[in-house]
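From a predicted model like this one, the values you see are computed outputs, not experimental measurements. In what follows, chains are A, B, ... by sequence order, proteins preceding strands, each numbered from 1.
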2 protein chains.
Amino acid sequence: MPMPDVFQLLSDPSRRHLLEALRDGERSVNDLVDSTQMSQPAVSKKLRLLKDSGMVALRKDGRQHLYSIRGQPFREASEWLGFYDRFWQEGLARMDELIGSEVPRRSRRKT
Amino acid sequence: MPMPDVFQLLSDPSRRHLLEALRDGERSVNDLVDSTQMSQPAVSKKLRLLKDSGMVALRKDGRQHLYSIRGQPFREASEWLGFYDRFWQEGLARMDELIGSEVPRRSRRKT
DNA sequence: CCATCACATGCCCGCATGAATATATATCCT
DNA sequence: AGGATATATATTCATGCGGGCATGTGATGG
């Protein structure tokens, strides 16, 4: 199962903040700098990483660099997380944590 | 928008590997050690982090420590990612590849 | 009790990573 | 052309984190 480094990118709060700021659409670097508390080089660096991983796209308009969300990598991460949907479903349905409804591999379940 | 450190936890491949090994249900520490290439202390440490963040639950049976998936934190991450669903939908429908950074297998629409 | 098993913790080290400053490149304006 | 704007890159530094080994703690069995 190839798991990209998307989670690695998402692990940084400031990077997530940038991605959140891009939810409304294209943004220039300066816009993004204003919406954060980071320095411009810091923002540029993070945008570089996000671009290299395919999470954002870059379009140049004059001297402005407009970044926008690129959905595919998110989808991969989302699919990985999808495997755990059933767990939180059980979580609120049954208060117990005896998940033993499936695959009683080696774990001996006590009553 | 409070974003927990779930993504931080998910950023480590070995941690994801542990979580994948727990998809089938409860596992003891030794089981998990066998399913990875890590040493037992390394596994224990990672399990500690996962437990502290609420991603796994611990149940002690004798001298065995059984860990299992705890779905709620996954849900939070999943919800965050949900905001980007629309982007990958657009991604394959519209959006030409004239960003000039990647190789467009299919240039342009079909004529 | 004592040896052993199962697991956790503490300490140490090497490396990746984040941030700040300074500088380079590209574009626009006059 | 020259200067200002917009963004990128380079360098440096400090910190964090993963991962090893040794050791500590609790449970089991003789």
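Contact footprint of chain A on DNA chain C: nucleotides with an atom under 4.0 Å from a non-hydrogen protein atom, first to last in 5' to 3' order, C:dT17 to C:dC28.
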Under 3.5 Å, which protein N or O atoms sit close to an N or O of nucleotides 26-30 of chain D? Give each pair with its distance.
none

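For the residue pair B:W80 and A:E20, the shortest heavy atom distance occurs at NE1-OE2, 2.8 Å.
Rounding to the nearest 0.5 Å places CG of B:L58 at 9.0 Å from CG of B:L47. Rounded to the nearest 0.5 angstrom, B:I69 CD1 and B:L50 CG are separated by 8.0 Å. If you take CZ on A:R15 and NZ on A:K45, they are separated by 11.0 Å, rounding to the nearest 0.5 Å.
Residue A:E79 places its CD atom among more than 12 non-hydrogen atoms of other residues, nucleotides or ligands, all under 6.0 Å distant. For A:E26, the CD atom counts as densely surrounded, since its 6.0 Å shell holds more than 12 non-hydrogen atoms of other residues, nucleotides or ligands.
Listed by residue number, B:S44, B:K45, B:R48 are the residues of residues 44-56 of chain B with a heavy-atom contact under 4.0 Å to DNA chain C. Residues from residues 29-43 of chain A lying near DNA chain C, meaning a heavy-atom separation below 4.0 Å, are A:S39, A:P41 in numerical order.
When the side chain to side chain donor-acceptor pair (under 3.5 Å) test is applied to B:N30, no partner is found at least two apart in sequence or on another chain.
Annotation: side chain of A:D52 is in contact with side chain of A:R48 (closest heavy-atom distance under 4.5 Å). Two residues are said to be in side-chain contact when any heavy atoms from C-beta on lie closer than 4.5 Å; B:L32 and B:L22 meet this criterion.
Within the structure, ring-ring contact (aromatic ring centres under 6.0 Å, His included) contacts touching residues 43-75 of chain B (residues at least two apart or in different chains) are A:Y84-B:F74.
A straight line from CZ of B:R15 to C1' of D:dG16 spans 12 Å, rounded to a whole angstrom.
Following chains of ILVMFWY side-chain contacts shorter than 4.5 Å, one can reach B:M55 starting from B:L49, so the two form part of one hydrophobic cluster.
Checking side-chain atoms of A:S11 against main-chain N and O of A:Q8 turns up a donor-acceptor pair under 3.5 Å.
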